[in-house]
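These notes are about the structure you will find just below.
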There are 2 protein chains.
Amino acid sequence: MSLRFRGNETQGIDGKGRVSIPADFRPVIVSGDHRMAQGERPSFVIVYGTRSQNHLKCYTLREIEKIEARIELMDDGSDDREILETIFHGSAMTVQLGDDGRIVLPAKLRTKLDLGDKIFFIAGNDHFKMWKPETYDDFENDRTDALLRERGDRFNPTSLLPKLPPQAAAAE
Amino acid sequence: MSLRFRGNETQGIDGKGRVSIPADFRPVIVSGDHRMAQGERPSFVIVYGTRSQNHLKCYTLREIEKIEARIELMDDGSDDREILETIFHGSAMTVQLGDDGRIVLPAKLRTKLDLGDKIFFIAGNDHFKMWKPETYDDFENDRTDALLRERGDRFNPTSLLPKLPPQAAAAE
DNA sequence: AGGTATTCCATGGGAGATCATGGGAAGCAA
DNA sequence: TTGCTTCCCATGATCTCCCATGGAATACCT
C-alpha cells in the first residue's frame, strides 16, 4: 500500500500565481513519481476538466497512469471513451514542484476557478482537490453537512461502509 | 487477533500542544503500524471529521487501511462515498509518536475541540477517541447513562451481545 | 516489612530544521 | 523594449528533535 493524501489545508496564492503544496502532500507526490530517479523534480497532474468543473483534481503520476490504463480498456471511439479522454487527456496538465515545494498555477486555471489569493486543498482517496475556498464552503462543505444532517442526529457515517469480503478481512 | 485499546485517561496539553498518549495505548499503536520495520516511528491517524464532529477518532494504520479498502468497494462518485472520503481522507491526518510517547496536536484541532490544557482519551474497539473533558461529560457520558436508564434498572448490557457463530467460538 | 534502587512516565525548555511566503535577477517571447 | 516566467536567495514563524527533570510505580534487597 502506497502513501496516501490526507487532510486539508488553505494556502496562499501570491502575485505570481505561486502556491505552496501542503507539506504533507509532498512525500506522496514524490512516491507516486517514477521518473524522479532521473534527477527530475517531482511532478503531478492537474485535471481541470470541462467548463462545469468548479475545482481541480490532482493525481500522482502513478495514479493518472492507472486511470489511463482503464481508459484504454474501453471501446475505441465510443462516446464514453471520448468523454473520458477529453477530461483526462484534453483537460489536464503536468506541473512540477520547485525546490521550495511550490507550483505555479497558470492564469488560465486561476481564472477558471475565479481564485483570489487563497486556495483550499483537500485530500481524496487517490488524489487531492483544489478549490476556491468560498466555492468549497458553499457547495461541498454545506452539502456534506446537509447529507449528514438529513440522516439524523445519531447517524454514524461509518455505518455506510460495506463489509470487506471475508478473505480480505482474514488476510489482515 | 491483534491488541486492542482499553481504558480511559485524562492527559495534559502543554504550551506547544504536546500530548502524551496513554502508555497503555502505545503498544497497540505500534502493533498496528506495518511501516515501523523501516525505522520509522510509530504513527497513527486522527480523523477529525466535518464541522459538527466534536471529538477526534484515532485509528491504527492497519485499521484505517481497512476502512480505506472498504471505501474503495463503493461506487465511484456516489454521495455516500463522497461523504466518507471527505471524512476519512479529507479530514484526517497522520501523526507520529516521538520517542517520549507524545504527539503534537496542531492548533487547528485544539481550536476545533475548544481544548484547554486537558484532553480525555477513551478506548473503542479498533480505535480510541479524544475529547475535551467537559464535552465528553456533557454529551457522551450523559448519553450512555440515558441509554442505559431507558432500558430499565435490571438491564444488563452484556445481554446486547450477539452470540459468536459456533466455529469462531471454538477457534478462540 | 521497611526502605532503597530502578524503571517508566508525564512534562518542560532550547537549538536547529522545515515551511510558507516575499522579492529580485536572469531568461524568454511577443 | 515590455511583459511574463523561471530560478535563486531571504526572512519570520512554526514545528521537530533532543535533552533534562521530577514524580510515581515497581522491583529489589536486607
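Scope of the values below: all heavy atoms of this structure, side chains included, with no hydrogens, waters or symmetry mates. Predicted model only: the values in this text are computed from it and were never measured.
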So, A/R81 and A/D76, do they make that salt bridge, N to O below 4.0 Å?
yes

Mind listing the residues from residues 13-23 of chain B sitting with a heavy atom below 4.0 Å of DNA chain D? Number order is fine.
B/K16, B/R18

Whole-Å distance, A/Q11 CD to C/dG22 P, equals 11 Å

Measure CG/A/L105 against P/C/dT21 and give the value in whole Å, please.
14 Å

Reference residue B/L109; test side chain to side chain contact (heavy atoms under 4.5 Å, CB included); the match among B/I46, B/V104, B/L115:
B/I46

What do you reckon, is CZ of B/F155 surrounded by more than 12 foreign heavy atoms closer than 6.0 Å?
yes

Please report, rounded to the nearest Å, how far the C1' atom of D/dT6 is from the CD atom of A/Q96.
11 Å

Contact nearer the 5' end of DNA chain D, comparing A/R41 with B/P106
A/R41

Classify the angle between the aromatic ring planes of B/F5 and B/F25 as parallel (below 30°), tilted (30 to 60°) or perpendicular (above 60°).
perpendicular

What is the distance, to the nearest angstrom, from the CD atom on A/E9 to the C1' atom on C/dT21?
14 Å

Suppose we call two aromatic rings close when their centres sit under 6.0 Å apart. Are A/Y59 and A/F44 close by that rule?
no

Taken to the nearest whole Å, CZ/B/F25 to C1'/C/dC9 is 15 Å

Protein-nucleotides 19-22 of chain D N/O pairs closer than 3.5 Å?
none

Taking atom types as modelled, is there a side-chain donor on A/R102 or A/S20 under 3.5 Å from an acceptor on the other?
no

Pairwise 5' ranking along DNA chain D for A/D99 and A/A107, keeping only the more 5' one:
A/A107

Measure CD1/B/I103 against P/D/dC15 and give the value in whole Å, please.
13 Å

With sequence neighbours left out, the residues meeting ring pair (Phe, Tyr, Trp, His ring centres under 6.0 Å) with A/F120 are A/Y136

Would you check if there is a donor-acceptor pair between the side chains of A/E140 and A/H55 at a distance under 3.5 Å?
no

Provide, to the nearest angstrom, the distance between the CG atom belonging to B/L97 and the C1' atom belonging to D/dT16.
14 Å

For A/D145, which of B/I83, B/T50, B/T86 qualifies under side chain to side chain contact (heavy atoms under 4.5 Å, CB included)?
B/T50

